[in-house]
Amino acid sequence: MKDQKDIDAIIEELKRLYPEAECSLTFDPEKAYELLFSVRLAAQCTDERVNKVTPALFARFPTLASLAQADVAEVEQYIHSTGFFRAKARDIVLASQM
């Protein structure tokens, strides 16, 4: 695992290489876990697609606790269009439980 000095150096180098970079995934800063799940959904998918499916997903499961109790098959229905939806739904529910 990297120490804080190494992490800071990596972040500074990324800022230098990509000065215009910004996150195009929408999320509520009060619910940072939403960004984690959005990033998981973005694997093999566009941010645009993720931004289309997450409002309904997070409306249905508005808290981390509700996602932790979610039926994986129901989460799959909300995220189906992102591809690899079975693994993504399982990962989101299990991560919520942690």
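- No more than 12 heavy atoms of other residues, nucleotides or ligands lie within 6.0 Å of CD in Glu48, so this atom counts as exposed by the packing criterion.
- In the hydrophobic clustering of ILVMFWY residues, with side-chain heavy atoms under 4.5 Å counting as a link, Val50 and Val39 come out together.
- We find the CG-CZ distance between Leu67 and Arg60 to be 9.5 Å, quoted to the nearest 0.5 Å.
- In this structure, Lys31 contributes its side chain and Phe58 its backbone to no donor-acceptor pair below 3.5 Å.
- More than 12 heavy-atom neighbours from other residues, nucleotides or ligands sit within 6.0 angstrom of CD on Glu13.
- Under the 3.5 Å distance criterion, the side-chain polar atoms of Lys88 are left unmatched by any main-chain donor or acceptor of Ile79.
- Transitive grouping of hydrophobic side chains (ILVMFWY, heavy atoms separated by less than 4.5 Å) brings Leu17 and Ile10 into a common cluster.
- Between the CD atom of Glu20 and the NZ atom of Lys15 there is a distance of 13.5 Å, given to the nearest 0.5 Å.
- Listed here is the closest heavy atom pair of Ser81 and Arg49: OG-CD, 3.1 Å.
- Rounding to the nearest 0.5 Å gives a distance of 9.5 Å between CG of Leu25 and OG1 of Thr46.
- Interatomic distance, NE2 of His80 versus CZ of Phe85, reported as 3.5 Å (0.5 Å rounding).
- Distance check: Thr54 OG1 to Asp47 CG gives 10.0 Å after rounding to the nearest 0.5 Å.
- Looking at Glu34, its side chain never comes within 3.5 Å of a backbone N or O of Phe27 through a donor-acceptor pair.
- The 12-atom threshold is not exceeded at CD of Gln69, counting heavy atoms of other residues, nucleotides or ligands nearer than 6.0 Å.
- For the atom pair CZ of Arg40 and CZ of Phe84, the computed distance is 9.0 Å after rounding to the nearest 0.5 Å.
- Remark: side-chain polar atoms of Asn51 are paired, donor with acceptor, to backbone N or O of Ser24 under 3.5 angstrom.
- Of all heavy-atom pairs between Tyr78 and Ala56, the closest is CE2-O, 3.7 Å.
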